[in-house]
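Okay, structure first, notes after.
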Amino acid sequence: MTHNTITIDGQEVPFEVGQTIMDAALAAKVYIPHLCHYPGLTPHGNCRLCSIEIGKKSVAACTTPAVAGQQISSNTPAINAARKSITQMLFIEGNHICPSCEKSGNCKLQAMGYFLGMLDEHFPQFYQRRKIDASHADIVLDRDRCILCDLCVRASREVDGKNVFAIAGRGTEAHLIVNSSSGKLVDSNLEVDDLAANICPVGAILKKSQGYDVPIGERIYDQHTISEIGLQESIAKESKSDDN
Amino acid sequence: MSFLDMDERLVALLEQVEFNRSPLTDIKHCGSCEIGLIEGGVCNAENVKVLQEFRANCKTLIAVGACAINGGVPAMRNHFDLKDCLQEAYETGIGVTNPQIPNDTELPLLLDKVYPIHEVVPVDYYLPGCPPSADAFLQILGPLLAGKEPVLSSDHLHYD
Ligand code: SF4
């Protein structure tokens, strides 16, 4: 065992002190499924797609620090089956009707379903009724599709220097709120080019008037797997921080 | 309809199968079958009866398409109360003349919600897509007819 390496599915992965298992894995081009992780934002461990096993213990790769000598299992049939169940739960908790969604083909939740071979949603639907906010001139918020990944919340606070979103309530009552006097997007300072307006992995935060610029069938996950895109995002982030 | 996209491959399929109740035949009740393909969500009382009849008669039941699997586009009405949907469509909506909610006894009663079929009867296999392609159908039916476990390849796995 060399210093500062961990082992993921038998492969040695180097890490820098302070890195999480997720960061070390992505830097070494080892894909660990994730939806609520985004390179450069504080990890939250919300979605649990990145659940891995260290020995018999299941932890989230995005929030667990890499420690020399960790023996990690990630890409195993049992762990991927659990990830598939998590994806199915994310589907039935909201209303994810792909054929009617502008995000279809560019949606990471959908792409995760493809990646894990999800054919059905298995569990009974929650039949949620959440509020749509179409008040903003350029951006629409369809909470029915929100998976509460918290990415927009973090992007707004940490990158945009604003504080547009928050998650309120707990358990099945949890929902995304807008920090403005009216609770509507129109009264917030969210702008189209903010990271928060562009980071939503699903079709919950959408830019208006461009939903079908790229036809269905020619979109990102019609042509790539989420593992390819997940690794690309982290490489893009790394080269950006090298430039700075 | 996308089933018919099999085109000439339907001929080869017909050498192996016989259609029972289907849009291609005029059989009103499903008889004993090896395979049942069900499309669409469950939105009224008649859908429930037909679905239960299929389940009772088909050894293998396959949910075909987005609506059968999670309700699909018709399930967007679940966002509203049934009463509001009917009022909007037949009483208060723009352009409605002679407003009245249909209540003929011939009409099947609408359910409170549109349900995926697996919430009403047990389902054996799922064929997602809106609609699934002819190739996807064949990929499932081929092995099933040969008595094997079907596997949908990732290039045919689509929810839209
Ligand atoms: S709106 Fe999108 S980015 Fe924000 S919490 Fe919901 S799913 Fe995540």
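Keep in mind the model is a prediction, meaning the values are calculated, not measured.
Listed by first then second residue, pairs satisfying ring-ring contact (aromatic ring centres under 6.0 Å, His included) with a partner in residues 86-107 of chain A read A:F91-A:H96, A:F91-B:Y159, not counting sequence neighbours.
Taking CE of B:M76 as the reference point, atom CG of A:N95 lies at 9.0 Å (rounded to 0.5 Å).
Of the atoms belonging to B:A66, it is side-chain heavy atoms, and not backbone ones, that fall under 4.5 Å from chain A. Only the backbone of B:V114 comes within contact range of chain A, with heavy atoms under 4.5 Å apart. The part of B:L152 that comes within reach of chain A is its side chain, from C-beta onward, which places non-hydrogen atoms under 4.5 angstrom from that chain. Heavy atoms of B:Y125 lying under 4.5 Å from chain A are absent altogether. Interface residue B:H79: backbone and side-chain heavy atoms are both found under 4.5 Å from chain A.
Heavy atoms only, all atoms of each residue included: B:D160 and A:G105 are closest at OD2-N, 4.0 Å. Closest non-hydrogen pair, B:V73 versus A:S100, comes out as CG2-CB, 4.0 Å.
For residues 114-124 of chain A, the interface with chain B (any heavy-atom pair closer than 4.5 Å) comprises A:Y114, A:G117, A:M118, A:L119, A:D120, A:E121, A:H122, A:F123, A:P124, sorted by residue number.
Not counting sequence neighbours, the partners of B:E34 by the side-chain contact (heavy atoms from CB on, under 4.5 Å) test are B:K59.
Applying the 6.0 Å contact sphere to CD of B:Q139 captures more than 12 heavy atoms from other residues, nucleotides or ligands.
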Take B:D81 and A:R129 through the side chain to side chain contact (heavy atoms under 4.5 Å, CB included) test and state the conclusion after the steps.
-> CA-CA 10 Å; B:D81 287 340; A:R129 283 187 190 174; 2.9 Å; yes

Cut-off 3.5 Å, no hydrogens considered: what does the side-chain donor-acceptor table look like for residues 93-108 of chain B, sequence neighbours left out?
from: B:D104; atom 1: OD1; to: B:E106; atom 2: N; distance (Å): 2.8

